[in-house]
Structure formats: C-alpha cells, structure tokens
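Heads up, the thing below is written out as structure tokens.
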Amino acid sequence: MKKIFLLLCLSSILWISCYDDKGNYDYHEINRIEGVTDGLDSIIYIRQFDTLRCTPAFAGTFYSNPEAYSYEWEIEQKIVSTELSLVYPVILSYGDKNCRLIITDKEQGNQYIFPFRLIVSGERAGDMIVVLSNTEGKAELSYKGLIPDTLPFVINYYERSTGLELGGKGHRLYRNYLPVEAYSGMMVSVDKGVKSLADTTLEDIGGNTYLDEAFLKRQIPYPEPSVPGFAPDFIWSGIINWDFIFGNRGGRGAKNIMISEGKLYSCQISHESVDYFARTWLLDKESKYGGKLSSVYFPVSAVHAPSDFFVVSLAYNYSDYGVVFDETVGRFLLVSNLGSSMVEIPKSKIPAYEGYRLIFGSYTNLPNICVAILANGENVKALELQLPTNINDVTECKVLAEMDMPQEMMNSRSDFYQYKSIENMLVSCGKKLLASNIREWENGTAPKPVFSLDNLGYGEAEITCFEMSRSEKSIILGISRYGDDHEGKGEKLKGDVIVLDAVTYTVKKDSKGREMIYRGVCGYPVDIMVKWQEWYRDGKNHNNQLMDSL
C-alpha cells in the first residue's frame, strides 16, 4: 500500500509540473515612499494665529512626480487641506496637537502616513502691546509681543480664539499685578462691565469673570454685600509693598480704588503664602456732597518707597489723601483711609465748577502739586492744584493755575499723561500730541505741539489714545482712520499703532531697522496699554537694571 501511495504522489507532481499555465502573472514591484526628506518636521512649534506653511519633499522608489500622488493634511482628526503645500492659519487653542500627512499613490493605491506634532503656543504671557478697539460695534483685542520686537500684530484675536464676545463696546483696559479671582491681571471694561482675562493667555479665566455683585459676595462672606449695581467704570491700583530681601522676593501689597455708579469702593490686597487676598473692603461710599463722583481717582502724591541694605523696594509710598470730584455740584473732595472718610474742601479755597466732570487727574513730581482736567461738553479747564497729603499736613488747598483750553489743544476726547520725573504733561488732540510744563499754566502758557500725524503723511486720522512706557522712553499711539465712525464699521480695518521715541517724538525702529508703524491692526482704538509680564517700578528691577523693552 505504501508503494502505491508513493507512486500516486509522484505522478501527481509530474502532472502539475507539465501543466501549461494560461494565467497572467505579470508582477510589478511596489513603488514605495521611505520618508519625507525635507519640508516637514516631526515636531513643529508655532504661535497661535500664525500661518503654518509646509511643502514636503519625498522620493518614491520608482517615481516621485508630485502629480502621481494625492494628499491629506489631518490636524486633530480633521482634514484641513488636500494640496501638497499646506497653508493653514492656526486658529487652535494652546497645546500639543496630533497631526498626520497622508500621501496616496494614485496608480497603486498605496498610502503612506507621516505623523507629526504641532505645538501651539503664544507670547501672551510676556510683555506686549494690547489694543482695545471697536470693530463692527463690538469690543475686540489685538496684541503684539515685544520680545522680540519684530513679532507681528495678532489682529482681533479674542472672538476668533474663544468664539465669545467681550460684551458690547470697549471702554478701557486695566492692569493689576496682584490678581484676586476675577480681579485678575488683565481687565477689560466693556458695556457689560469689567471682564477679567487670564494674565497668561488673555482668555477667559472660567466661572464668573466680571467684577459684579457676585464677585463681591464671594470675596466678602459676612456680612453679605448688597450692591446690585456694582460694575466699576474706573479702577486705580497702587503698589504699596513689593520687596526683595537679600535678592529674594518678599511681601506684596496694593491699595485699590474703584468707582461704580458714582460711588467709591476700595480694598487692600496682600500676599499670604502663595495666594493673594483682598482685605478691608469699603463698599458703596457716597460723596460727602451727596452727588455723583466722576470716574477718576488719584493720590495727592506718590514717591519711591525707600530701600536699605537688606531690603530693596519697588513700591511707592502714596499719600493718605486722594482726590475725587463730585460732578453733581462741581466740587473736589479729599478722601483718606481708602475712602472711609471724606474731607470737604471749602469753596473759599477751591471754587465749585458747576456743570463740569473730572476726566483726568494726577499727582506730579512736585510735593503737594496735582493736575486736574475738567470737561463740560467739549470745553475743558486745566487746573494746577495745591493740596495736603494727609490730615496732619497744613498745606493750604488752593488753585495755582486755571486755564480754559482751546479745543484744538484739549477736549473731552483727549488722552493725557503726567510725567513722573518732570513737570511736563503730554496730551493728545486730533492729529497732534502737545506738551506743556504745568508750572507755565500759572503764566497762561498753553501746551505746544510736539508731534503731528501730518509729519507721517496721514490724511484723515486722529490719535484716539496713547500710552507711555514705564521707563518714559516710548509713547505708543492708537490711531483711527475711521473719521466720525467710532464703531469701526466696514470690511477693512482702519486702526493703526505707532511707537514714538518719547524724547525726540520720532518713530522708533525695531531691531531689523523697520519703522514701528503698524497699519490696519485693529478697529477704532479705544484704549492702548503695554502689558508688562512683571512689576518693575519705572521699568527697572531690584538690581536697578532696565528690564522694559520700550
């Protein structure tokens, strides 16, 4: 039997080997792509709202013509492009994104997958210029990083980034270096109220982000406050403790004044362990005259807090007395102890300015000397005031100078800055910046123009706001080319930013030699601010080194 089985197997093998195979076995080797040789990294770092541009280079084992392949760029499981060259505006949240390039051989159908990581970051945590503007009637934010100074403006980022609105038209920007819950480092005043944003991302901090009654109730558990109309339209914050002990950080503290619906609110913020806490709240303080307080507060004086061998302080010593103005009766008031007491100034010392409101006020580098700007419609009065710093100061209250300013020099839309080291004030009006020595007001000497947009060839335009750097070396201008349209209507943005040298009033240049003129970077500019990452008095650290880039 075994012999018969072996013979059958052998004959079968011979029969198969002699079979005339009529099948088609025309074999082709597979065209393979071994990898991307150039134009695509495994890890790509990019800033939010920058444009990702990639054109990968690769070679097949038999053919490499790009037309022989199809392409799919996948970011976070979403196909964003089917072209060989990727041009993708990165409107993504911060973080590490999983991505793939899928290349398909059109003839053979083979797919080759090349994974890569896209790490989205931003410079919002650092030093930057921030512009609050109105675009199509809504508040928006644009910003430009300052390190390096060659970074471009990120235009109207907020709604694109968050899908949210800030809450109506924009009014003002505020900065606080001792954040407490919703009272954070970056605050934006809009129609809906004062909205707080995270200091590192300039996006919502989560939960209730407005300074409102709910915020006060979370801060003051007992007795529970009842101030349903609380929505600050003015915030002042002064650093009263910022010490370095043997080079190490020490205490932190600030006094804070807010005015809401014509009434005064205040608190003191202190650093405890790793957190900041608001203490000694004062709520709903009415004017001693019974009227409405203008949305301005300023201390009578501020001088550098002293340092010694052990402690270097970057804080200020502020006068106990601050200044507010009751616009219902047109009279100034002195407030002390964070507003807990108010001191009347007799009309025989400083008269009533009925019909006026206070639009700007500041201490100066001169002891007991302050400036105040009052407006009645478009009519403006500039005052130089002499005031005491505290209840024991016998300095007489008086008006040292009073000038009715021509509207081409100051008006209710002007922005102001009082220098810290000299008696000069800087004011914007229309196309011009004007400067004056406040002591010369006593002689009736009006401000003089120091800069005009005409010098840069601007047509219809105006300076709507400006900011001085902490070092008083640079001036940052917000420029509108919208004319009478203060809502920023139209498809084309007409808000510009210009950086000037504060000594020569000429346009500064960045490290590549380019003029720091940025056109079309926002809507109608409402306010402009330099958001510094760290608190440095006059832009200098505790070793007296200049840290600010402007």
**Message:** So does Gly488 get a backbone contact from the side chain of Lys494, meaning a donor-acceptor N/O pair under 3.5 Å?
**Reply:** no
**Asked** For the side chain of Trp73 and the backbone of Glu83, is there at least one donor-acceptor N/O pair under 3.5 Å apart?
**Response** yes
**Partner of Tyr353 by side chain to side chain donor-acceptor pair (under 3.5 Å), out of Glu402, Glu327, Lys381** = Glu402
**Item:** side chain to side chain donor-acceptor pair (under 3.5 Å) partner of Arg117, the single match among Asp96, Asp41, Asn98
**Value:** Asp96
Looking only at heavy atoms, which two atoms of [X] and [Y] are closest? And how far apart?
X      : Y      : result
Tyr363 : Ala302 : CZ-CB, 3.5 Å
Leu434 : Pro449 : CD2-N, 3.9 Å
Tyr536 : Leu314 : CD2-CD1, 4.2 Å
Lys531 : Gly126 : NZ-O, 3.3 Å

Just verifying a value: how many Å separate [X] [atom1] and [Y] [atom2], rounded to the nearest 0.5 Å?
X      : Y      : atom1 : atom2 : answer
Asn134 : Leu166 : CG    : CG    : 10.0 Å
Glu181 : Thr209 : CD    : OG1   : 10.0 Å
Asp501 : Ser474 : CG    : OG    : 6.5 Å
Ile359 : Ser295 : CD1   : OG    : 12.0 Å
Phe298 : Phe325 : CZ    : CZ    : 10.5 Å

Show me, pair by pair, the donor-acceptor contacts under 3.5 angstrom made by side chains of residues 515-522, not counting sequence neighbours?
unit_1, atom_1, unit_2, atom_2, d
Arg519, NH1, Tyr458, OH, 3.2

**Item:** Lys195/Asp204 under salt bridge (Lys or Arg N to Asp or Glu O under 4.0 Å): CA gap, chis, key distance, verdict
**Value:** CA-CA 9 Å; Lys195 184 178 181 64; Asp204 289 40; 3.1 Å; yes
Name every donor-acceptor pair, under 3.5 Å, that has one atom in a side chain of residues 542-550 and the other anywhere in the protein, sequence neighbours excluded.
unit_1, atom_1, unit_2, atom_2, d
Gln545, OE1, Asn541, ND2, 3.2
Asp548, OD1, Arg470, NH2, 2.9
Asp548, OD2, Arg470, NE, 3.0

**Prompt:** For the residue pair His486 and Tyr524, does the interplanar ring angle fall in the parallel (under 30°), tilted (30 to 60°) or perpendicular (over 60°) class?
**Reply:** parallel
**Message:** Less than 3.5 Å apart, any donor N or O on the side chain of Asn365 or Ser421 sitting next to an acceptor on the other?
**Reply:** no
**Message:** Under a plain distance cut-off of 3.5 Å, with no hydrogens placed, do Ser412 and Glu378 share a side-chain donor-acceptor pair?
**Reply:** yes
**Request:** Would you check if the distance from the ring center of Tyr417 to the ring center of Phe466 is below 6.0 Å?
**Result:** no
**Prompt:** Can we call the ring centroids of Tyr69 and Phe58 under 6.0 Å apart?
**Reply:** yes
**Request:** Using the side chain to side chain donor-acceptor pair (under 3.5 Å) rule, take Asp415 and Ser428 through it: C-alpha gap first, then chi angles, then the decisive distance, then the call.
**Result:** CA-CA 5 Å; Asp415 204 354; Ser428 65; 5.5 Å; no
Would you call [X] and [Y] a salt bridge, taking side-chain N to carboxylate O under 4.0 Å as the test?
X      : Y      : answer
Lys292 : Glu261 : no
Glu487 : Lys489 : yes
Arg172 : Asp233 : no

**Message:** Let's go through Arg175 and Asp199 carefully: what are the C-alpha distance in whole Å and the side-chain angles of both, what is the deciding distance for salt bridge (Lys or Arg N to Asp or Glu O under 4.0 Å) to 0.1 Å, and is it a yes or a no?
**Reply:** CA-CA 9 Å; Arg175 181 73 171 87; Asp199 196 33; 3.2 Å; yes
**Request:** Test Lys138 against Glu165 for salt bridge (Lys or Arg N to Asp or Glu O under 4.0 Å), laying out the working first.
**Result:** CA-CA 8 Å; Lys138 297 185 298 183; Glu165 295 182 3; 3.2 Å; yes
**Item:** Option among Val497, Asp496, Thr464, Ile528 that satisfies the side chain to side chain contact (heavy atoms under 4.5 Å, CB included) test with Ile479
**Value:** Asp496
**Prompt:** Val371: what forms a side chain to side chain contact (heavy atoms under 4.5 Å, CB included) with it, not counting sequence neighbours?
**Reply:** Phe360, Ser362, Thr364, Gln418, Met425, Ile438, Trp441
